[in-house]
Number of protein chains: 2
Amino acid sequence: MLGRTYDAEVCSAARALEVVGERWSLLIVRKALFAGARRFGDFRSLGIATNVLAKRLDGFVDAGIMERTGPDGAEYALTEQGRELATVVVALTAWGDRHLAPDGPPVLYMHAGCGGSVAQRLVCDTCGEVNDPAELRAVPGPGMPAEIAARMSAS
Amino acid sequence: MLGRTYDAEVCSAARALEVVGERWSLLIVRKALFAGARRFGDFRSLGIATNVLAKRLDGFVDAGIMERTGPDGAEYALTEQGRELATVVVALTAWGDRHLAPDGPPVLYMHAGCGGSVAQRLVCDTCGEVNDPAELRAVPGPGMPAEIAARMSAS
DNA sequence: ACGCGGGCTTGCATCACGCAACTCGTCCTC
DNA sequence: GAGGACGAGTTGCGTGATGCAAGCCCGCGT
């Protein structure tokens with residue numbers, strides 16, 4: 001993958017991007033999540049080169065996002081960890097729908113059980129919904145290395 | 001940027017990745033959103049090469065995610081469109097926190113008004129929250145080109 | 001006039017990606 | 001059981017993107 005290339009940022013977003021931030025990665029996940037792609041050939045319709053596809057799938061298996069299944073071991077299934085990337089795909093889609101889809105969303109996400117449409121929201125656990133991204137602040141959490149937290153408060 | 005490289009996928013997620021799917025892009029957005037970075041030099045702490053940083057910032061201005069402001073025109077401010085990428089960054093962070101942060105989240109997002117912690121949720125507009133990503137289905141929406149919808153139902 | 005720091009641009013080496021051709025194993029057919 | 005078709009990759013090579021170091025431009029203070 002990227003080889004720990006975002007070391008300067010102490011943030012889970014940077015760690016996540018090291019796993020799924022490369023070209024094609026999230027589209028492969030999307031294809032597996034929502035188009036039922038499982039076999040190597042299923043992903044080729046993305047237009048991705050086969051050598052890159054092989055590298056991505058191998059990387060996903062290494063990262064624990066996918067696992068090889070099927071009688072011949074030639075199928076790639078998302079793990080629970082991989083399926084949870086749905087939130088990222090939905091967030092990206094929602095943003096693209098709002099700003100890059102003048103004719104309306106080409107794809108909608110629906111709730112399989114009840115048929116309702118699904119959106120993605122920022123929720124504050126004490127006062128409810130967050131409407132404006134400007135209301136967000138990033139603060140150090142328990143996983144922040146102590147010496148970096150010290151450096152941050154010093155500067 | 002990527003030059004319309006994800007043409008085979010008719011999906012707003014692919015369009016969005018054409019804008020913010022390159023290396024460093026979302027980390028630059030994150031830095032601007034949550035670390036208050038505005039000037040060229042503010043972003044250098046990411047560890048990004050300056051030529052790449054210049055290219056990304058120019059690309060963001062072209063894409064309408066950022067605009068140049070300040071008395072000397074040397075500041076980069078996120079537009080409303082750019083700030084809305086916060087949902088994507090929060091979703092990525094949440095996923096990374098869950099799977100790549102054994103010591104706990106290094107960074108928490110808080111609601112500036114009330115101090116509550118903020119998370120990202122998938123919400124079904126008829127039955128409430130969606131707990132399992134497996135409950136999602138992708139269906140063609142109004143922006144889906146007719147000939148592609150026909151091809152999809154045929155195959 | 002001079003130096004300094006911020007804000008980029010340029011040159012070059014390296015790496016990743018896109019494309020096409022090729023291999024390998026399995027299954028099907030004759 | 002030889003031949004062909006197909007899925008699943010691997011290999012080689014050319015091109016573009018990235019990383020790094022150095023240099024350039026310009027406003028500001030002295």
Side-chain angles (χ1 to χ4, degrees), chain A residues 1-9 14 17-32 35-63 65-78 155, chain B residues 1-9 14 17-32 35-63 65-78 155:
Chain A
M1 316 292 282
L2 288 167
R4 291 276 100 82
T5 318
Y6 293 138
D7 278 337
E9 278 290 278
L17 285 170
E18 287 170 351
V19 177
V20 295
E22 287 174 295
R23 225 173 141 169
W24 299 108
S25 291
L26 280 173
L27 290 183
I28 292 170
V29 170
R30 188 192 112 81
K31 197 89 176 175
R38 300 180 70 84
R39 305 183 70 87
F40 190 89
D42 295 340
F43 296 98
R44 300 196 55 183
S45 63
L46 288 169
I48 183 176
T50 56
N51 52 354
V52 178
L53 175 57
K55 203 188 298 183
R56 291 291 176 278
L57 291 173
D58 281 353
F60 286 173
V61 172
D62 286 349
I65 290 176
M66 283 184 156
E67 56 192 2
R68 302 187 73 136
T69 58
D72 53 354
E75 297 188 358
Y76 295 88
L78 289 166
S155 63
Chain B
M1 318 293 281
L2 287 169
R4 290 279 98 79
T5 318
Y6 293 138
D7 278 337
E9 277 291 278
L17 286 170
E18 287 170 353
V19 176
V20 294
E22 286 175 295
R23 223 173 143 173
W24 299 109
S25 292
L26 281 174
L27 291 182
I28 292 170
V29 170
R30 188 191 111 82
K31 198 91 175 173
R38 303 180 66 85
R39 306 184 69 86
F40 190 90
D42 295 339
F43 295 98
R44 298 197 55 183
S45 62
L46 289 169
I48 182 175
T50 56
N51 52 356
V52 177
L53 175 57
K55 202 187 299 183
R56 292 290 176 279
L57 291 172
D58 283 351
F60 286 173
V61 172
D62 286 348
I65 289 176
M66 283 184 156
E67 56 193 0
R68 302 188 73 136
T69 58
D72 53 355
E75 297 187 358
Y76 296 88
L78 288 167
S155 64

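If you're wondering where the values come from, they're calculated on a predicted model, not measured in any experiment. Quick note on labels: first sequence line is chain A, next is B, and so on, each numbered from 1.
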What's the separation between atom CG in Leu53(B) and atom CZ in Arg44(B), rounded to the nearest 0.5 Å? 8.0 Å
Drop me the distance from Thr69(A)'s OG1 to Arg38(A)'s CZ, to the nearest 0.5 angstrom. 4.5 Å
Specify the separation, in whole Å, of atom [atom1] of [X] and atom [atom2] of [N].
X	N	atom1	atom2	value
Asp72(A)	dG25(C)	CG	C1'	11 Å
Glu22(A)	dG18(C)	CD	C1'	15 Å
Ile48(A)	dG9(D)	CD1	P	13 Å
Glu75(A)	dG7(D)	CD	C1'	12 Å
Arg56(A)	dG9(D)	CZ	P	16 Å
Leu27(B)	dG19(D)	CG	P	12 Å
Asp58(A)	dG9(D)	CG	P	8 Å
Phe43(A)	dG9(D)	CZ	P	11 Å

Hydrogens and angles aside, do Tyr76(B) and Arg39(B) bring a side-chain donor and acceptor to less than 3.5 Å of each other? no
Any idea which of [options] is nearest the [X] side chain?
X	options	value
Val52(A)	dT18(D), dG9(D), dC17(C)	dC17(C)
Trp24(A)	dC17(C), dA8(D), dC20(D)	dC17(C)
Arg39(A)	dC19(C), dC17(C), dG7(D)	dG7(D)
Thr50(A)	dT10(D), dC17(C), dG18(C)	dT10(D)

Distance test, side-chain N/O of Arg68(A) to OP1/OP2 of dG9(D), below 4.0 Å: yes
Check whether any side-chain nitrogen or oxygen of Arg23(B) sits under 4.0 Å from OP1 or OP2 of dA16(C), and answer yes or no. no
Using a cut-off of 4.0 Å on non-hydrogen atoms, how would the nucleic acid contact of Tyr76(A) be classed: base, sugar-phosphate, or nothing?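 It contacts sugar-phosphate atoms only.
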Mind checking if Arg44(B) touches a base, just sugar-phosphate, or nothing, with heavy atoms under 4.0 Å? nothing
Starting from the 5' end of DNA chain C, give me the residue, Asn51(B) or Gly41(B), whose nearest nucleotide shows up first. Gly41(B)
Is the ring centre of Trp24(A) less than 6.0 Å from the ring centre of Tyr6(B)? yes
Does the pair Arg23(A)/Glu22(B) count as a salt bridge with the N-to-O cut at 4.0 Å?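 Glu22(B) and Arg23(A): not salt-bridged.
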